[in-house]
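Reckoned from all heavy atoms, side chains included, excluding hydrogens, waters and symmetry mates.
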Amino acid sequence: MLSLQVIRDQRQEVIDRLKIRQVDATELIAKIIRLDDVRRESQQQMDALNAQGNALAREIGALFQVGKAGEAKPLKEQTGELKIRSKEAEAAMEQARKELEELMILLPNLPHPSVLTGTSAEDNEIVFEEGELPDLGSAALAHWDLGKQYRIIDFALGTRIAGAGFPVYQGKGARLQRALINFFLDQALDAGYSEIQPPYLVNAASGFGTGQLPDKDGQMYHIPEEDLYLIPTAEVPVTNLYRDVILKPQDLPIRHVAYSACFRREAGSYGKDVRGLNRLHQFDKVEIVQITGPDQSYAALEEMREYVTGLLRKLEIPFRIVKLCGGDISFTAAMTYDMEVYSAAQKRWLEVSSVSNFESFQANRMKLRIREETGRMLPAHTLNGSALALPRMVAAILENNQTPEGIRVPDVLIPYAGFDLIS
RNA sequence: GGAGAGAUGGCCGAGUGGUCGAAGGCGCACGCCUGGAAAGUGUGUAACCGCCAAAAGUGGUUCAUGGGUUCGAAUCCCAUUCUCUCCGCCA
């Protein structure tokens, strides 16, 4: 969430920046400031009453010490009244604080000034494109057909065991998955990321910290008995490693990589978007996460974008980079690049990575801060990106690399897979 | 799952009703000492929310969390969460 201080001090700037998202927050912000005023007023009342009460308690204590308990009686009577009024002020303060909190979490992150105003994916900006789009001719099979033909992905079997959206990878399909995971992890290690194996279930506080809760409540699987959520991405547990943490400048930047399975309910998805591997309830992903100081986060974002670009090049799949417009950027992000690969049989671009800078939006929710040498507290900035999500990458590899002899494994994966052809 | 013990500052640990945001130690910061370092030594060292233009200062809150008793709670009572030990079960 945004900090109250920023909202108060740079009110017009905040309103203007939210217009990039086509959000008019004028009224909401006015309400927020009004509630904050109420909260402060109530607190001042409560503080003054408590101060009086504390002073009286000290006097009474002093009287008891010198054995003049009798003289304490009239003082005691005064404290009752103070206590009641203090409770009232506290209740008013809590009420205002609660309402304030409810409004604060309605405000999305401020888009970076360079983000284009827009309403939907139509307005996104293609900032980079590389690779020849293969023309496979009409005989080309989509990955779901290839998966069946070579017996490497069985969707029907997954449906029987769990349901739609839970494919079973078999034989070389399973080994290709493992090869990709290990390749991605090794690449990240080489680039200076340290590896984390996170829990796959998280509590509500973690879900709130990274912004999945309460806004995207319905997108996560929830286990009511324990009140835990299955992670939709390793971003959630890995970023929350630093919830309620105060970092020192020398700790920065923090760079982590984590493989995890990811679980998403994907309620409301349908049609060609969910065909085959395009959208699943469970999938594998390697995620990179960075925590930086406020002045370094955009340099880190570009570095992460470059890093993911390098992965796509090594896998030899045509790709493009899309900078999301204000209308398409997520609630929590200030700037996002989507990385899309071209899946030649489906003839469509598939998003395999989303690299975002959240600035201090998540950090404010998580109470993640940096204490400078001078003692001053700064908000930390958090970033993350897929590096990469497997299923659509697998779809593109299968489709683009199909030959009459079989599916050619990209060179960089051969040492990991242990074979060079799926036939 | 059953029985018991516990939760205090960055860490260890004292504290069973007032003068306690909290002894002592470690760590850390700055100084002294030193040719330099170690040792020694001195001082300082929580967060959050207010007031103040800001600094200084100052009010309030916080000893797992939430409630209660009391003029006054780290300390007493209740609930919850978590940790540890033993037993059971188990990859």
Side-chain angles (χ1 to χ4, degrees), chain A residues 1-11 32-105 197 199-209 223-229 237 240-252 254 261 291 360 363-380:
Chain A
M1 65 187 144
L2 305 178
S3 86
L4 250 180
Q5 204 191 333
V6 167
I7 293 172
R8 293 193 79 108
D9 296 349
Q10 301 162 48
R11 184 171 178 170
I32 284 172
I33 290 176
R34 219 174 309 136
L35 271 173
D36 189 42
D37 289 338
V38 170
R39 197 208 89 234
R40 288 179 192 216
E41 223 169 276
S42 309
Q43 184 181 341
Q44 280 172 47
Q45 284 172 22
M46 184 188 77
D47 285 356
L49 291 165
N50 284 350
Q52 286 179 50
N54 288 343
L56 280 176
R58 270 193 294 273
E59 277 181 55
I60 293 167
L63 290 172
F64 270 86
Q65 299 269 302
V66 295
K68 293 182 182 168
E71 294 179 24
K73 250 216 172 97
L75 297 179
K76 277 193 189 184
E77 280 158 16
Q78 289 180 48
T79 62
E81 167 77 6
L82 284 174
K83 203 169 163 181
I84 291 165
R85 287 170 56 202
S86 165
K87 286 270 182 199
E88 283 168 4
E90 186 183 13
M93 183 184 81
E94 276 307 306
Q95 177 67 24
R97 200 198 53 72
K98 215 178 124 205
E99 286 175 27
L100 185 60
E101 167 91 16
E102 280 165 14
L103 296 186
M104 288 288 286
I105 61 175
Q197 268 202 18
Y200 285 9
L201 275 69
V202 294
N203 55 30
S206 296
F208 178 80
I223 297 173
E225 286 85 350
E226 325 290 345
D227 194 21
L228 292 172
Y229 295 84
N240 274 283
L241 255 22
Y242 297 91
R243 176 150 48 85
D244 289 316
V245 166
I246 298 173
L247 295 165
K248 301 192 196 92
Q250 62 263 34
D251 298 332
L252 302 170
I254 287 169
I291 298 170
S360 59
N364 286 337
R365 287 175 161 238
M366 285 194 297
K367 298 196 170 63
L368 162 59
R369 291 158 293 173
I370 301 162
R371 195 202 328 261
E372 284 191 308
E373 303 293 354
T374 59
R376 192 164 67 114
M377 287 289 191
L378 290 178

Please state how far atom [atom1] in [X] lies from atom [atom2] in [N], giving the value in whole angstrom units.
| X | N | atom1 | atom2 | answer |
| --- | --- | --- | --- | --- |
| Q45(A) | U61(B) | CD | P | 16 Å |
| Q44(A) | C51(B) | CD | C1' | 6 Å |
| D36(A) | C51(B) | CG | C1' | 14 Å |
| D227(A) | U80(B) | CG | C1' | 14 Å |
| E59(A) | U19(B) | CD | P | 15 Å |
| Y242(A) | G10(B) | OH | P | 18 Å |

(request) Quick one: pull up CE in M104(A) and CG in L4(A) and give me the separation to the nearest 0.5 Å. (result)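 Going from CE on M104(A) over to CG on L4(A), the span is 4.0 Å.
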(message) Measuring from atom CG of N54(A) to atom CG of L82(A), what distance do you get when rounded to the nearest 0.5 angstrom?
(response)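 Going from the CG atom of N54(A) to the CG atom of L82(A) covers 10.0 Å.
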(message) Quick check on RNA chain B: between A62(A) and N54(A), whose nearest nucleotide comes earlier from the 5' end?
(response)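 By nearest-heavy-atom nucleotide position, the 5'-most residue is A62(A).
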(message) Among R8(A), R11(A), R97(A), which residue satisfies the salt bridge (charged side-chain N to carboxylate O under 4.0 Å, His left out) criterion with D36(A)?
(response)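 Checked R8(A), R11(A), R97(A) against D36(A); only one passes salt bridge (charged side-chain N to carboxylate O under 4.0 Å, His left out): R8(A).
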If you measure from the [atom1] atom in [N] to the same atom in [M], how many Å do you get, rounded?
| N | M | atom1 | value |
| --- | --- | --- | --- |
| C48(B) | U41(B) | C1' | 35 Å |
| U69(B) | C77(B) | C1' | 7 Å |
| U61(B) | C26(B) | C1' | 29 Å |
| G25(B) | A5(B) | C1' | 25 Å |
| A14(B) | G21(B) | C1' | 15 Å |
| C49(B) | A54(B) | P | 14 Å |
| G4(B) | G17(B) | P | 26 Å |
| U75(B) | G18(B) | P | 12 Å |

Could you let me know what [N] is paired to, Watson-Crick or G-U wobble, both distances under 3.5 Å, or none if it's on its own?
| N | result |
| --- | --- |
| G72(B) | none |
| G17(B) | none |
| A23(B) | none |
| G66(B) | C78(B) |
| C90(B) | none |
| G4(B) | C84(B) |
| C30(B) | G42(B) |
| U58(B) | G50(B) |

(request) Applying side chain to side chain donor-acceptor pair (under 3.5 Å) between D47(A) and each of Q44(A), Q43(A), Q45(A), report the one that passes. (result)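 Result: among Q44(A), Q43(A), Q45(A), Q43(A) is the only option passing the side chain to side chain donor-acceptor pair (under 3.5 Å) with D47(A).
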To check you understand the geometry: which heavy-atom pair defines the closest contact between [X] and [Y], and what is its length?
| X | Y | result |
| --- | --- | --- |
| L100(A) | L35(A) | N-CD1, 3.8 Å |
| A89(A) | S42(A) | O-CB, 3.7 Å |
| S86(A) | N50(A) | OG-OD1, 2.8 Å |

(message) Quick one about N364(A) and S3(A) (side-chain donor to acceptor, distance below 3.5 Å, no hydrogens or angles considered), yes or no?
(response)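 No pair is found: no donor N or O on one side chain lies under 3.5 Å from an acceptor on the other.
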Restricting to nitrogen or oxygen on both sides, can you table the protein-nucleotides 62-73 of chain B pairs closer than 3.5 Å?
from	atom 1	to	atom 2	distance (Å)
G72(B)	OP1	K83(A)	NZ	3.2

(request) Identify which one of E41(A), E94(A), K87(A), M93(A) satisfies the side chain to side chain contact (heavy atoms under 4.5 Å, CB included) criterion when paired with M46(A). (result)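 One option only clears the test, and that one is M93(A).
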(request) Answer whether the closest heavy-atom distance between the side chains of I246(A) and I370(A) falls below 4.5 Å. (result)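 Answer no - side chains too far apart.
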(request) State, yes or no, whether a side-chain contact exists between L241(A) and I254(A) at a heavy-atom distance under 4.5 Å. (result)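 Of all side-chain heavy-atom pairs linking I254(A) with L241(A), none is under 4.5 Å.
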Polar atom pairs between nucleotides 45-49 of chain B and protein, under 3.5 Å, N or O only, would you list them?
from	atom 1	to	atom 2	distance (Å)
A47(B)	OP1	R371(A)	NH1	2.5
A47(B)	O3'	R369(A)	NH1	3.2
C48(B)	OP1	R369(A)	NH1	2.8
C49(B)	O3'	R39(A)	NH2	2.7
C49(B)	O2'	R39(A)	NH2	3.2
C49(B)	O2'	Q43(A)	OE1	2.2
C49(B)	O2'	Q43(A)	NE2	3.3
C49(B)	O2	Q43(A)	NE2	2.6

